[in-house]
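Scroll down for the structure; my scribbles are underneath it.
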Amino acid sequence: MKNLRWFLPTLALAALLGNGCIITSGQVLANFALTDPVPIPPGPAVWPEVVDLNTIKDYADNRDKIKGLSDIAVVGKFVNQAGGPAGSVEVWITPGSTNLSTIAGVHASATLLWGPVSIGAGPSTKSINWNDSAKLFNGPGKQILIDAMKGAGVFTAYFIQTGSGTNTINIQKGAIILVIAAGL
Amino acid sequence: MKKQILIGMLALTLLPGVARAITIGGAVFGGTSIPAVQDDNNTGPMYGIRVPVNFVPLIAVEPYWAETNGGNKDYTAAGIGYTRDGIDMSSFGANVLFTFGTGVKLYPFVGLSSNHMTRSGLDQSETGYDFGVGLGFNLPLAGLGADIRAAANVVTDPASSDASRKWAEITVGVSYALFHSVVP
């Protein structure tokens, strides 16, 4: 019985450590600063932002050990200029570096990643925080981002206005926050 | 998960030739939960109840329920400070305790649990593995005891089955022997 009392917990711990080493992993924060400001034009134009994650040290340091994406957010101050009608913003994604120029082209070739987030008639500013942003992700688009993270680390984010906006909406001090599940 | 726990408890009752008595207790505990290698989560309080059941001498099976309130995490991206809600977690599981000593008792333990994690953008249940060590002693009132425990809770990361979220847990508990029966 005495031996059993040591043997069983040791066996359980050994099984855990040997189980794909999930214990030797963690959640690493990284962020990609967007162009400041991101000028989202009225439709049918779009704003493409090529995101090269390799420029982020925390990503580059863990690139070969990435296991998944634990959390993500698009954050910043969304500013509708004076005179602009109320509108909303979406972010679409393609793998790699692409250059689509119209909303129709984005709808045809990209995948919805995030949004929509609505903003009142100008002049108005809406700050998107991490908690609000985390709820706005679309599963298929998020999967493309995960695949990009595990691959070359490059994707293109397309910022578009939905509705009949006729004014540029700016995102000031925008960023994409990533929480990377990575091996240690 | 619940089925695995019940099967494990049943298996312990079938250990040959060692059954002497059954003692069932009730316990409440509280303490702190410290995320390990989680950049997006913070320390918070935890509390819960345990039902220690001794089927065989020096070995106890202990179903438990625990509630953890993760602390918020502050992070700056592109010059703006953001706060991410911590991960709240409801856990149900069972530990097996292996007791050494009389008077002051030392007991390593291992266990399995189901963990429901929630925060904005996260609402998912995952399997967890517990292991740790406790120190228990009797209080000067019949049937009453107290303990202090240090444990690790390793829960599969909802983002990837190859990664985990880990917490170090320090708790203090008070228990009472509710039922005791000698088996001939």
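For Asp71(A), the part lying near chain B is the side chain, with the backbone staying farther off; criterion is any non-hydrogen pair under 4.5 Å. Contacts of Ile128(A) with chain B are made by backbone atoms alone, with heavy-atom separations under 4.5 Å and no side-chain atom involved. Proximity to chain B involves both the backbone and the side chain of Val75(A), based on heavy atoms less than 4.5 angstrom apart. Interface residue Leu29(A): backbone and side-chain heavy atoms are both found under 4.5 Å from chain B.
Nearest heavy atoms, Ser25(A) versus Lys166(B): O-NZ, 2.5 Å. The minimum heavy-atom distance between Tyr82(B) and Lys173(A), with the atom names listed, is OH-O, 4.3 Å.
Judged by distance alone, with hydrogens and angles left aside, the side-chain atoms of Ser120(B) form a donor-acceptor pair with the main-chain N or O of Asn131(A) at under 3.5 Å. Proximity of a side-chain donor or acceptor of Gln27(A) to a complementary backbone N or O of Asn41(B) within less than 3.5 Å is not detected.
Atom OG of Ser160(B) is separated from atom CD1 of Ile66(A) by 11.0 Å, given to the nearest 0.5 angstrom. Here CG of Asp39(B) is found 7.5 Å from CG of Asp58(A). Values are rounded to the nearest 0.5 Å.
The hydrophobic clustering, which links ILVMFWY residues whose side-chain heavy atoms are closer than 4.5 Å, places Ile49(B) and Val51(B) apart. Ile103(A) is not connected to Val91(A) by any chain of hydrophobic side-chain contacts under 4.5 Å among Ile, Leu, Val, Met, Phe, Trp and Tyr, and they are in different clusters. There is no path of hydrophobic side-chain contacts, each under 4.5 Å, that joins Val74(A) to Trp130(A). Transitive grouping of hydrophobic side chains (ILVMFWY, heavy atoms separated by less than 4.5 Å) brings Leu69(A) and Leu136(A) into a common cluster. Linking Ile, Leu, Val, Met, Phe, Trp and Tyr whenever their side-chain heavy atoms come within less than 4.5 Å leaves Val179(A) and Ile56(A) in two separate clusters.
Ranking Asp85(B), Ile80(B), Leu122(B) against chain A, the residue ahead of the rest is Asp85(B), based on heavy-atom pairs under 4.5 Å. Put simply, of Ala181(A), Ala175(A), Ser70(A), the one with the most heavy-atom pairs under 4.5 Å next to chain B is Ser70(A).
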| request: Evaluate the criterion salt bridge (Lys or Arg N to Asp or Glu O under 4.0 Å) for residue pair Lys67(A) and Asp157(B); output intermediate values, then yes/no. | output: CA-CA 10 Å; Lys67(A) 298 179 184 294; Asp157(B) 190 332; over 6 Å; no
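You'll find the side chain of Ile177(A) reaches within 4.5 Å of the side chain of Tyr75(B), heavy atoms only.
Other residues, nucleotides and ligands place more than 12 heavy atoms under 6.0 Å from the NZ atom of Lys65(A).
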